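Remember, predicted model here, so these are calculated numbers, not experimental data. Chain letters run A, B, ... following the sequence lines, proteins first, then strands; residues in each count from 1.
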Amino acid sequence: MRHWLVKSEPNVFSVDDLEACPDQTRWWKHVRNYQARNFMRDDMQIGDRVFFYHSNTDIPAIVGLAEIASEPYPDPDAFDPEAKYYDPKSDPENPRWFLVDIRLTTKLDQPISLKTIKAHSETLGDLPLIRKGNRLSVMPVTSEQWDYIMSLRAA
DNA sequence: GCCAACGTTGGC
DNA sequence: GCCAACGTTGGC
């Protein structure tokens, strides 16, 4: 099993929005970045655990725990000329962009803030989230990092 | 293939 | 609102 961290801007799609979805499950985000795409398309598996992170907000933080709820599948909006995320270079025969569904398992009572995570950068320094300039919207988390971050919940 | 210009991300 | 970092685009 792998672990991931996915970013979402709460004014676009928040953990509360995910919680309100049927079965707390929804497709996740129009990724248009090849590195992120490759993680989703090639490495994500049903049941993988996911940190749901709020970016670009007052207190950037991990706000929920989720899991991958579907196999990767082509992003239908990439084929729709009317859609904002239409990409004429993606076609159904050879789709360029992919989605997975995610299911919220736990909304955290006490979010784990970026500030807290950064305070442990000596241990978590390899986490792309806290590497300077990193803008990946989906990134792998090692099981050690996962456990360590979970241990910060009580702090 | 190079690289300047531009757009986006996202913390602060 | 600012700005650093980075990816993409497009002229050459």
Side-chain angles (χ1 to χ4, degrees), chain A residues 2-21 26-44 48-68 72-102 104 106-142 144-146 148-155:
Chain A
R2 292 173 185 255
H3 303 75
W4 306 95
L5 183 147
V6 304
K7 295 179 184 173
S8 191
E9 300 189 28
N11 64 344
V12 177
F13 186 73
S14 72
V15 68
D16 292 325
D17 295 329
L18 181 56
E19 187 178 38
C21 289
R26 200 192 76 153
W27 59 274
W28 179 72
K29 199 167 177 172
H30 296 103
V31 164
R32 292 292 183 269
N33 167 283
Y34 287 107
Q35 195 178 357
R37 188 279 309 271
N38 291 345
F39 286 137
M40 293 177 73
R41 185 190 62 183
D42 303 336
D43 297 328
M44 281 188 170
D48 284 356
R49 294 197 180 173
V50 177
F51 284 134
F52 191 90
Y53 175 86
H54 278 175
S55 65
N56 204 10
T57 187
D58 285 353
I59 303 176
I62 294 168
V63 293
L65 308 179
E67 63 183 14
I68 304 298
Y73 57 94
D75 180 348
D77 281 358
F79 309 136
D80 178 1
E82 303 296 314
K84 181 181 175 188
Y85 289 90
Y86 175 58
D87 181 349
K89 292 179 220 149
S90 185
D91 75 82
E93 296 301 309
N94 186 21
R96 177 173 298 203
W97 304 113
F98 286 79
L99 302 173
V100 292
D101 292 347
I102 68 169
L104 183 69
T106 306
K107 185 174 146 187
L108 297 181
D109 292 332
Q110 292 184 294
I112 305 163
S113 70
L114 179 62
K115 187 178 172 188
T116 296
I117 294 167
K118 279 188 166 173
H120 295 265
S121 59
E122 200 164 311
T123 306
L124 297 170
D126 289 340
L127 190 68
L129 184 70
I130 54 177
R131 282 211 296 262
K132 190 178 172 78
N134 197 285
R135 301 180 311 171
L136 267 183
S137 61
V138 47
M139 67 189 71
V141 177
T142 68
E144 290 81 7
Q145 288 166 342
W146 179 278
Y148 189 80
I149 291 169
M150 290 293 277
S151 79
L152 301 177
R153 294 172 71 185

For Asn33(A) and dT8(C), give me the distance from atom CG to atom C1', rounded to whole Å.
11 Å

I'd like to know if Arg32(A) and Asp75(A) make a salt bridge, using a cut-off of under 4.0 Å between side-chain N and carboxylate O.
yes

Just the rounded figure in Å: distance from C1' of dC6(C) to OH of Tyr34(A).
16 Å

As a test of reading the structure: which of dG11(B), dT8(B), dT8(C) is closest to the side chain of Arg135(A), going by heavy atoms?
dT8(B)

Quick check on dT8(B): is either OP1 or OP2 less than 4.0 Å from any side-chain nitrogen or oxygen of Lys7(A)?
no

Qualifying residue for side-chain contact (heavy atoms from CB on, under 4.5 Å) with Trp28(A), from Leu99(A), Asp101(A), Val138(A), Leu18(A)
Val138(A)

Just to be sure I understand the rule, does Lys115(A) reach a base, reach only the sugar-phosphate, or reach nothing, if contact means heavy atoms closer than 4.0 Å?
nothing

d(NZ, Lys84(A); C1', dT8(B)) in whole Å:
11 Å

Side-chain N or O of Lys132(A) closer than 4.0 Å to phosphate OP1/OP2 of dA5(C):
yes

Assign each of Lys89(A) and Asn56(A) the nucleotide of DNA chain C bearing its closest heavy atom; nearer the 5' end lies the nucleotide of Asn56(A)

Do Tyr53(A) and Val6(A) come within less than 4.5 Å of each other through their side chains, counting heavy atoms only?
no

Rounded distance (Å) that lies between atom C1' of dT9(B) and atom CD of Gln35(A):
14 Å

Round to the nearest Å and state the distance from Leu129(A) atom CG to dG11(B) atom P.
7 Å

Does the plane of the ring in His30(A) sit parallel, tilted or perpendicular to the ring in Tyr85(A)? Use 30° and 60° as the thresholds.
parallel

Within 45 degrees of the ring normal and closer than 6.0 Å to the centroid, is that where the cationic atom of Arg26(A) sits relative to Phe13(A)?
yes

Trp97(A) CH2 to dG7(C) C1', in whole Å, measures 11 Å

Side-chain atoms of Lys118(A) come closest, of dG11(B), dG10(B), dG7(C), to dG11(B)

note: Arg131(A), atom CZ; dC6(C), atom P; distance rounded to Å ~ 10 Å

Write down the distance between CZ (Arg37(A)) and P (dT8(C)), rounded to a whole number of angstrom.
11 Å

Establish, with yes or no, whether the OP1 or OP2 oxygen of dG11(B) is under 4.0 angstrom from a side-chain nitrogen or oxygen of Tyr53(A).
yes

